[in-house]
Student: 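Sending over a structure as structure tokens; questions will come in a sec.
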Amino acid sequence: MHIFTAEMISKICNGFVEGDPKVALREFGTINNAQAHQLTFFSNVKYKDYLYASEAGAILINEDFVLEQTIKPTLIRVKNAYLALSQIMSYYDKLMNPLKNIKENPHFIHDTAILEDNIYVGAFTYIGLESKIHKNTQIYPQVFIGDQVEIGENCIIYAGVKICKGSKIGNYCIINAGTVIGSDGFGFTQDELGNHAKIPQLGKVIIEDYVEIGANVTIDRGTIDNTVIKKGVKIDNLVQIAHNVVLGNHTLIAAQTGISGSTKIGNNCTIGGQVGIGGHLEISDHLTIGAKSGITKSVNAPHTIVAGFPFMPFKEWTKSNVLLKKLPDLNEKINALEKKLAALESKCP
Amino acid sequence: MHIFTAEMISKICNGFVEGDPKVALREFGTINNAQAHQLTFFSNVKYKDYLYASEAGAILINEDFVLEQTIKPTLIRVKNAYLALSQIMSYYDKLMNPLKNIKENPHFIHDTAILEDNIYVGAFTYIGLESKIHKNTQIYPQVFIGDQVEIGENCIIYAGVKICKGSKIGNYCIINAGTVIGSDGFGFTQDELGNHAKIPQLGKVIIEDYVEIGANVTIDRGTIDNTVIKKGVKIDNLVQIAHNVVLGNHTLIAAQTGISGSTKIGNNCTIGGQVGIGGHLEISDHLTIGAKSGITKSVNAPHTIVAGFPFMPFKEWTKSNVLLKKLPDLNEKINALEKKLAALESKCP
Amino acid sequence: MHIFTAEMISKICNGFVEGDPKVALREFGTINNAQAHQLTFFSNVKYKDYLYASEAGAILINEDFVLEQTIKPTLIRVKNAYLALSQIMSYYDKLMNPLKNIKENPHFIHDTAILEDNIYVGAFTYIGLESKIHKNTQIYPQVFIGDQVEIGENCIIYAGVKICKGSKIGNYCIINAGTVIGSDGFGFTQDELGNHAKIPQLGKVIIEDYVEIGANVTIDRGTIDNTVIKKGVKIDNLVQIAHNVVLGNHTLIAAQTGISGSTKIGNNCTIGGQVGIGGHLEISDHLTIGAKSGITKSVNAPHTIVAGFPFMPFKEWTKSNVLLKKLPDLNEKINALEKKLAALESKCP
């Protein structure tokens with residue numbers, strides 16, 4: 001296990017030390033239970049009580065946070081404690097998981113495939129005809145890379161990912177285990193006998209740079225045009241992206257959400273978990289969609305939040321929710337009104 | 001890349017050419033952006049403007065569609081442009097992806113397994129004890145076929161599919177990557193100590209002919225009887241089919257839907273995405289279920305649509321949805337009525 | 001195929017025979033269609049008609065059930081017919097699927113990995129650096145076990161499961177095919193340029209004894225602390241467990257449910273299918289959550305049921321659901337009231 005001093009850490013994240021710069025740190029901990037050999041961080045004032053009671057070795061903390069009590073751990077003052085933590089963790093992660101440059105046996109690499117330098121190929125990984133893997137990419141065991149696939153540089157493809165024929169992956173992408181890229185879309189038409197006839201899916205999946213995809217996600221290839229996941233998109237586990245979908249730059253999609261065929265999502269959207277979005281829709285940039293919403297129409301409303309099924313502006317949804325719980329009350333009020341009104345009508349005929 | 005002329009294409013789909021029969025086509029394109037070397041199709045009048053502006057090499061178009069303007073591309077007139085497109089795409093797909101008849105190394109095929117002629121077995125695929133694979137079936141790399149499994153002829157089993165012990169797959173089936181067939185059902189009973197005791201799952205999964213299953217789907221084996229997926233069923237990605245479920249012929253199930261244990265779904269149903277169907281229910285033939293619905297009771301209503309949670313006839317659901325958005329209005333109206341009525345009561349005592 | 005007599009079965013489950021103790025049984029069947037060579041069970045009086053018409057070889061039946069008609073099959077009387085069935089099925093299952101003690105070729109086991117006695121390692125399985133597998137554990141083909149993973153004794157890890165770096169699995173656990181343990185959590189922060197910067201996920205997944213996990217489930221590793229699945233938890237297919245979640249002892253989670261980051265679920269909870277639970281929440285012991293619910297706040301209500309989105313006590317939810325279907329009626333009533341009141345107001349000015 002590597003050991004860092006508070007001083008070393010302050011240099012990595014461009015901060016300065018208050019307290020003992022020599023304190024030795026071997027692990028990360030959270031503010032509520034970090035111990036003397038651990039580095040933790042403080043960024044949410046909700047946890048202030050934990051801060052003052054902390055037994056941590058050192059704490060990353062914002063420059064401008066004013067202590068109200070004395071404190072035992074060494075402080076490492078930084079502009080943004082959470083971002084600094086992330087930087088230190090990345091540094092540590094790279095140290096602990098250096099790039100591998102080996103091809104574990106057995107593997108299957110087609111004669112016509114091209115692998116650049118400094119690539120890890122785990123055992124039981126398959127790389128098909130005319131595929132190309134760029135430098136520094138790490139491909140874990142049991143990955144399937146079909147024919148004519150291209151994967152950029154500095155990617156991590158975890159165990160058991162399947163990337164089907166013709167897909168293109170950009171640089172600096174991460175794909176978690178079990179995910180399927182380039183499965184056939186769900187496309188059928190009726191033949192003369194009324195049976196479902198398969199529409200072959202001949203398009204591709206194009207994934208741009210800096211995309212991260214969770215575990216057991218499914219992304220279907222396009223029917224004729226391509227399914228496109230643009231730069232910086234982040235997709236959580238068990239998400240379904242249907243054929244011909246286009247996801248705009250830097251959009252975030254939480255777990256178990258499904259996007260139906262041919263829908264175009266704008267840039268910088270944030271989509272909650274278990275959302276369903278219908279087919280052939282257009283969603284504008286900078287839209288936030290609440291968890292479990294059902295989106296049945298195109299939405300052009302940048303910098304707003306919609307939620308619910310039927311979906312509506314977030315504020316209306318919260319009002320509607322309150323009243324949904326009060327429906328029995330409303331019903332009783334209506335019944336009472338009817339009785340009173342009838343009584344009054346009989347008095348004033 | 002293969003090159004077709006408009007004339008060759010018209011012969012494949014039994015159409016006739018208007019314009020240059022020699023125009024050379026190398027790819028497919030969509031009506032809004034097809035180029036001179038591409039074949040496209042026109043079937044939805046919504047896209048009429050794209051039709052007249054099209055730069056495509058040739059367009060598949062319905063026989064009875066009357067042009068209102070002159071047009072640059074060659075036309076290939078057919079009965080049903082969309083179906084014809086599907087036929088041409090299938091033709092092309094088979095040309096580009098001919099059946100393979102190789103066994104890539106390494107693979108694991110148990111001595112007692114029987115493989116008929118003209119079968120592709122990808123590297124790292126496992127075929128267990130006494131399993132049988134019929135002719136012309138293509139099994140991609142990293143597939144798991146457990147003991148005593150039978151797979152019919154002309155199937156495509158994509159990379160990393162797992163087909164567990166005793167499952168039977170019919171002819172002309174397609175199973176997309178990462179799908180699990182024959183996992184244990186979720187069955188527990190309480191033992192004497194109140195703990196969850198596993199009920200062993202000893203049934204099988206039976207899949208009939210012409211079934212297509214998406215990526216990362218899960219289909220549990222039966223507990224005692226079998227889980228049965230009948231002829232022509234099409235299942236989209238990330239769908240969950242629990243133990244003992246029976247799906248009727250030609251039923252369609254969109255992505256992320258879940259069907260609970262022992263439920264029987266009729267023939268020719270269409271089930272939207274993210275639907276949940278409870279256990280031990282019966283759903284009649286020809287029912288359509290809207291996306292995100294929750295079905296908690298058996299439904300016997302052929303040729304109708306239900307939607308919502310609670311589910312209701314589609315028309316009622318759309319009305320209910322409109323009012324759900326207006327709940328704050330309704331609430332205000334009730335409050336106003338109460339005030340006015342109170343005022344009136346004090347006037348007419 | 002093994003053959004049992006009714007007498008042998010009665011001894012396994014501590015029951016007694018009424019009828020022919022020598023009847024030969026080769027399979028299990030369900031009460032509605034079991035045949036002469038099959039053992040079935042009767043525990044739900046709803047199926048009484050099937051009981052009296054049964055052609056089964058023998059029937060497991062509760063000691064205290066009083067027959068109202070004569071019956072053809074042999075009866076095996078037990079305290080709890082369903083539990084006895086489960087015991088017999090387990091007995092049969094172990095007989096049919098004895099523990100394997102082989103390592104199929106090819107496999108990849110790192111030199112530093114430690115495997116105890118009586119372990120099955122299927123072909124194409126990968127076991128990484130310093131991992132440890134305890135005795136009697138069965139690891140099917142194509143499993144990925146990353147570095148520094150520990151798996152307890154008597155576990156079954158089905159085909160294609162991926163268990164990522166540092167995860168710990170207890171004893172007597174079952175993990176169904178395609179499941180991913182230890183994928184990266186969905187954690188990002190904004191860097192100085194406003195881009196999503198990945199927060200490295202350095203925690204682990206800890207799974208205690210007697211946990212059963214379905215197929216194609218995803219369980220993310222913790223960010224700093226661990227994701228913890230406690231003793232006896234049962235998780236159905238396609239469930240998502242985000243980073244830092246803690247699931248209490250013996251909690252059940254049905255298919256396609258998702259639990260967001262850092263949420264703590266109590267002991268002995270029962271969570272329906274397609275439920276979504278928000279992040280950073282606390283759910284008390286012994287809570288039942290209805291299918292498709294959305295839980296947006298912490299809930300401290302042992303031995304109650306909540307349901308809906310917005311969630312509410314189960315009884316209120318059923319009332320609210322009835323009224324949801326009647327919203328058009330309520331709306332009409334309000335309109336009628338308004339008219340009548342206006343009429344009355346004009347009369348009594």
Side-chain angles (χ1 to χ4, degrees), chain A residues 106 108 124 126 142 144 146 160 162 164-165 178-180 182-184 186-192 195-200 202 216-218 220 223-225 238 240 242 256 258 260 274 276 278 294 296 308-310 312 316 319-320 323-324 326-327 330 333-334 336-337 340-341 344 347-348, chain B residues 28-30 33 40 80 82-83 85-87 89-90 92-93 96-97 104-106 122-124 140-142 158-160 174 176-178 210 212 214-216 232 234-238 250 252 254-256 272-274 291-292 309 321-322 324-325 327-328 330-331 334 337-338 341 344-345 348:
Chain A
F108 181 105
F124 315 121
Y126 183 102
Q142 301 153 339
F144 172 75
K162 295 107 198 159
C164 301
K165 192 174 177 172
T179 281
V180 175
S183 36
D184 274 1
F186 198 61
F188 304 93
T189 186
Q190 287 211 321
D191 67 14
E192 296 87 346
N195 292 324
H196 306 302
K198 180 179 179 69
I199 300 170
L202 304 178
N216 284 348
V217 166
T218 57
D220 285 341
T223 307
I224 292 175
D225 291 336
L238 292 169
Q240 149 73 353
Q256 296 179 318
S260 305
Q274 298 184 340
T296 50
F309 185 49
M312 47 191 116
E316 290 178 28
K319 278 186 205 164
S320 172
L323 293 168
L324 201 60
K326 289 189 181 163
L327 272 184
L330 297 191
K333 282 185 180 180
I334 291 170
L337 278 166
K340 285 184 186 175
L341 192 68
L344 214 56
K347 276 192 203 168
C348 318
Chain B
F28 296 89
T30 47
N33 56 22
T40 187
N80 179 335
Y82 196 54
L83 184 57
L85 173 82
S86 173
Q87 288 167 344
M89 286 172 78
S90 291
Y92 179 83
D93 192 28
M96 298 298 288
N97 298 295
E104 291 170 350
N105 287 312
F124 315 121
Y140 275 66
Q142 301 154 337
Y158 282 105
I174 299 173
N176 278 277
Y210 298 102
E212 180 162 346
N216 284 350
K234 313 291 178 187
I235 297 175
D236 201 355
N237 297 344
L238 292 170
H250 306 296
L252 297 174
Q256 297 180 316
Q274 298 185 339
K292 273 190 169 295
F309 185 48
N321 274 352
V322 170
L324 200 59
K325 292 186 179 182
L327 272 183
L330 297 190
N331 187 46
I334 292 170
L337 279 166
E338 285 181 332
L341 193 68
L344 215 56
E345 278 176 329
C348 317

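All of these numbers come straight from a predicted model, not from anything done at the bench. Quick note on labels: first sequence line is chain A, next is B, and so on, each numbered from 1.
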Student: Looking only at heavy atoms, which two atoms of K319(A) and P328(B) are closest? And how far apart?
Tutor: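 For K319(A) and P328(B), the tightest heavy-atom pair comes out as CB-CG, 4.0 Å.
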Student: Could you tell me which portion of S260(A) (side chain, backbone, both or neither) has an atom closer than 4.5 angstrom to a non-hydrogen atom of chain B?
Tutor: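 Answer is neither: S260(A) stays 4.5 Å or more from chain B.
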Student: Please walk me through it: do L327(B) and L327(A) pass side chain to side chain contact (heavy atoms under 4.5 Å, CB included)?
Tutor: CA-CA 9 Å; L327(B) 272 183; L327(A) 272 184; 4.0 Å; yes
Student: I'd like to check the side chain to side chain donor-acceptor pair (under 3.5 Å) partners of S183(A); sequence neighbours left out, ordered by chain and number.
Tutor: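 Here the qualifying residues are D220(A).
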Student: In terms of heavy-atom proximity below 4.5 Å to chain A, should A291(B) be classed as side chain, backbone, both, or neither?
Tutor: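 The backbone, not the side chain.
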Student: Which heavy-atom pair separates N216(A) from L238(B) by the least distance, and what is that distance?
Tutor: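 For N216(A) versus L238(B), the nearest heavy atoms are O-CD2, 3.6 Å.
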Student: With chain A, which of P141(B), A215(B), A123(B) has the greatest number of heavy-atom pairs at distances under 4.5 Å?
Tutor: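 It is P141(B).
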Student: Where on N105(B) is there a heavy atom nearer than 4.5 Å to chain A: the side chain, the backbone, both, or neither?
Tutor: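 Interface part for N105(B): backbone (N, CA, C, O).
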Student: For the candidates T296(A), N195(A), I334(A), I224(A), which exhibits the highest count of non-hydrogen atom pairs separated by less than 4.5 Å from chain B?
Tutor: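 If we count pairs closer than 4.5 Å to chain B, I224(A) comes out on top.
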Student: Less than 4.5 Å to any heavy atom of chain A: does that hold for the side chain of N321(B), its backbone, both, or neither?
Tutor: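 Both backbone and side chain of N321(B) come within 4.5 Å of chain A.
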Student: With rounding to the nearest 0.5 Å, note down the distance linking CG in D184(A) to CG in D93(B).
Tutor: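 The CG atom of D184(A) sits 8.0 Å away from the CG atom of D93(B).
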Student: Flag the one option from L85(B), N80(B), N33(B) with the top tally of heavy-atom pairs under 4.5 Å to chain A.
Tutor: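 Among L85(B), N80(B), N33(B), the one with the most close pairs to chain A is N33(B).
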Student: With sequence neighbours left out, write down each residue that passes side-chain contact (heavy atoms from CB on, under 4.5 Å) with A197(A), or none if nothing qualifies.
Tutor: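 For A197(A), the residues satisfying side-chain contact (heavy atoms from CB on, under 4.5 Å) (neighbours in sequence not counted) are T189(A), D191(A).
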Student: Side chain from CB out, backbone as N, CA, C, O: work out which of these in I235(B) comes under 4.5 Å of a heavy atom of chain A, or both, or neither.
Tutor: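 Only the backbone of I235(B) comes within 4.5 Å of chain A.
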Student: CG of L330(B) to CG of L330(A): how many Å apart, nearest 0.5 Å?
Tutor: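 Rounded to the nearest 0.5 Å, the CG-CG separation comes to 8.0 Å.
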Student: Using non-hydrogen atoms only, which part of Q256(B) is less than 4.5 Å away from chain A: side chain, backbone, both, or neither?
Tutor: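 Contact with chain A involves the side chain of Q256(B) alone.
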Student: Take T218(A) and N176(B), measure what side chain to side chain contact (heavy atoms under 4.5 Å, CB included) needs, and give me the verdict at the end.
Tutor: CA-CA 10 Å; T218(A) 57; N176(B) 278 277; over 6 Å; no
Student: Can you see which heavy atom on Y126(A) is nearest to which on Q142(B), and at what distance?
Tutor: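 Shortest heavy-atom contact: N-NE2, 3.9 Å.
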Student: Assess whether side chain to side chain contact (heavy atoms under 4.5 Å, CB included) is satisfied between L324(A) and L324(B), documenting all intermediate values.
Tutor: CA-CA 8 Å; L324(A) 201 60; L324(B) 200 59; 3.5 Å; yes
Student: What part of Y140(B) gets closer than 4.5 Å to chain A, counting heavy atoms only: side chain, backbone, both or neither?
Tutor: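 Looking at Y140(B), just its side chain touches chain A.
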Student: With side chain to side chain contact (heavy atoms under 4.5 Å, CB included) as the test, would you mind laying out the steps for Q240(A) and D236(B) before giving the verdict?
Tutor: CA-CA 10 Å; Q240(A) 149 73 353; D236(B) 201 355; 3.9 Å; yes
Student: At what distance, to the nearest 0.5 angstrom, does OH of Y82(B) lie from CD1 of I199(A)?
Tutor: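 It is 3.0 Å, given to the nearest 0.5 Å.
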Student: Return the CG to CG distance between L337(A) and L337(B), rounded to the nearest 0.5 Å.
Tutor: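 Result: 5.5 Å between the selected atoms.
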Student: Has H196(A) got a side-chain atom pairing as donor or acceptor with H250(B)'s backbone, closer than 3.5 angstrom?
Tutor: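 Yes.
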Student: On a heavy-atom basis, which atom in G258(A) and which in Q274(B) lie closest, and how many Å separate them?
Tutor: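 Shortest heavy-atom separation between G258(A) and Q274(B) comes out as N-NE2, 3.4 Å.
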Student: Could you tell me which non-hydrogen atom of F124(A) sits nearest to which non-hydrogen atom of F124(B), and how far apart they are?
Tutor: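 Between these two residues, the closest heavy atoms are O-CD1, 3.2 Å.
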Student: Side chain, backbone, both or neither: which part of Y158(B) has an atom under 4.5 Å from a heavy atom of chain A?
Tutor: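 Side chain of Y158(B) only, per the 4.5 Å heavy-atom cut-off to chain A.
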Student: Output the option from E104(B), K325(B), Q87(B) having the highest count of non-hydrogen pairs under 4.5 Å with chain A.
Tutor: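 Of E104(B), K325(B), Q87(B), E104(B) has the most heavy-atom pairs under 4.5 Å with chain A.
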Student: How close do K198(A) and S86(B) get, heavy atom to heavy atom, and via which atoms?
Tutor: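 Answer, listing the atom of K198(A) first, then S86(B): O-OG, 3.1 Å.
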Student: Kindly check if the number of other-residue, nucleotide or ligand heavy atoms within 6.0 Å of NZ (K340(A)) is above 12?
Tutor: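 No, because the 6.0 Å sphere around NZ of K340(A) holds 12 heavy atoms or fewer from other groups.
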Student: Between P106(B) and chain A, with a heavy-atom cut-off of 4.5 Å, which part of the residue counts as in contact: side chain, backbone, both or neither?
Tutor: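 Side chain only.
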Student: Without hydrogens or angle criteria, can the side chains of N331(B) and K326(A) be said to hold a donor-acceptor pair below 3.5 Å?
Tutor: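 Their side chains do not contain a donor-acceptor pair, so the 3.5 Å distance test is not met.
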